[in-house]
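Written out below as structure tokens is the structure these notes cover.
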Amino acid sequence: MGGGGKKGDDDEEKMTAEEEREARAAKRAAKRAAKSKKMESMDALSMAQAELGSVKSAKSPGKNSNQAQEDEDEMEDAMEEEAALEDKFGKKKGDEDRSKLGLCMDWIFETPKQPKKEWQTYRKEEIQEYLKEMRRGIFYYMPKFYDTVMFRKISRRKLHYWGEFDSAGARDGRGVCLWPDPPLGGGESYHGLWRNNQPNGHGLFRWYHGDMYLGEWNTGAMQGYGVYKYGPEGTFANDVYMGTYFNGLRQGTGVYKYAPKSEDVGGAVYMGEWLRGTMHGNGLLVYADGETYLGQWKLDKKDGFGQYIWGQNSGEVAGDKYLGEFRDGYTHGLGKTVFSDGGNHRGQYARGKMNGHGVLRVADGWEYTGQWKDDELHGEVVCFYSFGAGHGKEVQIYDEGNYVGSRAYDPSVDWGEIESVGMSEARNAEKAADEAASRIATVQRFGKRAKESQTMAKDGAEEARYMTSAALSYKEFLQNWYGIKHYIIAEEARYMTSAALSYKEFLQNWYGIKHYIIAEEARYMTS
């Protein structure tokens, strides 16, 4: 009876946990539905511009500032959760107002503050802050070897784990794991769910230099939906990716936000497909100054058909638009450039510049058919005024953009050798531009899919934060007398339960009458 009752209690507790998990999932689903309804009328480019608003500076919030603010708030959920965890697991009180003499004494005899908890900061910052605090007051004048001594004092030399285990002794369930510091280890930390000694499920992983991942795990690798935020150092400082992972690499669809690197260099947003950690497939990239690319990608580089618009910070080419072929990140192949002043070029490109045969029509009406070399006219070029009569064709001669001379146009020679070749490449370039334009709808579709993956990644991060809190709660429980307190209280509860059941049985035995009858019979038999 006792065993059956305990099992029923466990089932009830498990069912309650499942109901709680379902409630969290339902809440996130409702949030996704509301956001999806709001985005129905937006195309992928507008979504990217709204995303870009969250990484722009406050001086230039952009047109969709409300939407951008919402996205920025959601992106900072992890930091808000960490603040909540700080409140729950040991928030420090502020110092009271003191007199000048008191402040001076505090400075002289001040006790260094303890480093932040592992879920509030990354390990490198934790060590640096600790050493900084240890040098407060009179310890500021200690020699340099003092830092080495203090580092050895705080440095972790062993792996520390607080959490649940399976029957074989492997880490399984809720748990917090801290790896040794360099050079003995990587200084990482993980809070969340485990299976067979590896992160599995939802959890938060932090690297030594500040990178952080919140999301789904599978046998020790990032897999599923998640949010990855880079630390404050390195090439990718403060960048954020929200989307799908497979076997530890970005794969599927997702949104990558490039953080502004300086006041002059703004941020950017990529929305689209990924393969083995690289931008690969269909996607769009939007920069802070309005520069955009919609098209195909291969291994992090523009490759295939696409549309590129130069931004405001591009100088004299700002506002120009190219439609056509790309290779290895450059305009390469056949394409068409429409200039901001109304002119256009149709023809061959190589390594980002006009190279080969084509046709150029400038805004004032002059048209040039011939060859280019590194964006400059080169060789013999047929030139004529296309806006009216009175100007016949002539052949001008250039040497890498420098005018050399001219001669009369000879149809029997120049048509076949210069004009027909240039116009043929111009027609092929128009076809390439049309092909690039037709693929924009596909790029938009994958951009929207990336936005949906971003929403799912935020859901995964939210569940990971919940599991982080659960792991920290279990760690706190284990640190209460290393769990002995639990067993003491449980044993006391079992004793009191047994006593209560015994008294209940006594009362149920004829309300105690049976007790007296049996006692009287016992005395008679004894006599």
Side-chain angles (χ1 to χ4, degrees), residues 17-18 20-22 24-25 28 32 75 77-79 81-82 85 117-123 159-166 168-180 185-231 236 239-256 274-278 450 452-475:
E18 289 176 356
E20 186 178 357
R21 191 181 302 111
E22 290 175 0
R24 295 197 306 271
R28 292 196 299 269
R32 285 199 308 270
M75 186 178 67
D77 279 348
M79 297 303 150
E81 182 67 20
E82 288 163 21
L85 291 174
K117 305 299 182 183
E118 67 269 11
W119 62 86
Q120 297 169 342
T121 181
Y122 55 95
R123 187 60 177 158
L159 183 145
H160 298 281
Y161 175 75
W162 298 267
E164 298 174 301
F165 295 89
D166 62 12
R171 295 189 287 272
D172 192 283
R174 299 165 295 173
V176 175
C177 188
L178 308 178
W179 279 267
E188 304 94 344
S189 64
Y190 175 77
H191 305 67
L193 296 177
W194 294 79
R195 178 170 294 175
N196 196 24
N197 282 332
Q198 293 181 324
N200 197 89
H202 289 85
L204 180 153
F205 197 100
R206 281 198 153 173
W207 283 264
Y208 182 78
H209 292 282
D211 291 7
M212 175 179 69
Y213 173 78
L214 281 152
E216 294 180 277
W217 293 81
N218 184 32
T219 60
M222 298 176 288
Q223 187 156 311
Y225 293 100
V227 175
Y228 192 106
K229 183 172 183 179
Y230 287 89
F236 310 106
D239 290 356
V240 179
Y241 171 78
M242 291 169 276
T244 56
Y245 279 84
F246 180 77
N247 199 25
L249 298 173
R250 294 188 286 268
Q251 184 152 317
T253 55
V255 177
Y256 189 102
W274 296 80
L275 179 66
R276 296 173 185 169
T278 63
E452 293 170 0
S453 295
Q454 180 196 42
T455 304
M456 295 297 294
K458 290 179 180 179
D459 287 353
E462 185 176 341
E463 184 70 11
R465 288 193 294 272
Y466 177 85
M467 290 304 173
T468 298
S469 178
L472 288 168
S473 298
Y474 193 70
K475 176 185 175 184

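Since this is a predicted model, take the numbers as computed values, not measurements.
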Is the ring pair [X]/[Y] parallel, tilted or perpendicular, if the boundaries are 30 and 60 degrees?
| X | Y | result |
| --- | --- | --- |
| Y241 | W274 | perpendicular |
| Y190 | W217 | perpendicular |
| Y245 | Y213 | perpendicular |

Would you check if [X] and [Y] make a side-chain contact, meaning some heavy-atom pair closer than 4.5 Å?
| X | Y | result |
| --- | --- | --- |
| P180 | L159 | yes |
| L178 | W162 | yes |
| Y228 | M212 | no |
| D172 | F165 | no |

Output the distance between atom [atom1] ([X]) and atom [atom2] ([Y]), rounded to the nearest 0.5 Å.
| X | Y | atom1 | atom2 | answer |
| --- | --- | --- | --- | --- |
| D239 | D211 | CG | CG | 10.0 Å |
| L193 | R171 | CG | CZ | 14.0 Å |
| M242 | T253 | CE | OG1 | 13.0 Å |
| M467 | L214 | CE | CG | 13.0 Å |

Donor-acceptor contact present, side-chain E188 to main-chain W179, <3.5 Å: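 Not confirmed, E188 side chain does not pair with W179 backbone.
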Under 3.5 Å: donor-acceptor pair, side chain of E216, backbone of Q223: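 Pair absent, no side-chain N/O of E216 close to backbone of Q223.
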Tell me the closest heavy-atom pair linking [X] and [Y], and the distance in Å.
| X | Y | answer |
| --- | --- | --- |
| A461 | V227 | CB-CG2, 3.8 Å |
| W207 | Y122 | O-CB, 3.6 Å |
| V240 | K229 | CG2-CG, 3.8 Å |
| G226 | A457 | O-CB, 3.2 Å |
| G252 | T244 | CA-OG1, 3.4 Å |
| Y225 | S453 | CD2-O, 3.8 Å |

For R174, salt bridge (charged side-chain N to carboxylate O under 4.0 Å, His left out) partners two or more places apart: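 Once residues adjacent in sequence are excluded, the partners of R174 under the salt bridge (charged side-chain N to carboxylate O under 4.0 Å, His left out) criterion are E164.
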Any pair counted as side chain to side chain donor-acceptor pair (under 3.5 Å), so long as it reaches residues 193-205, sequence neighbours left out: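 Residue pairs passing side chain to side chain donor-acceptor pair (under 3.5 Å), neighbours aside: none found.
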Working for side chain to side chain contact (heavy atoms under 4.5 Å, CB included), residues M222 and F205: CA-CA 10 Å; M222 298 176 288; F205 197 100; over 6 Å; no
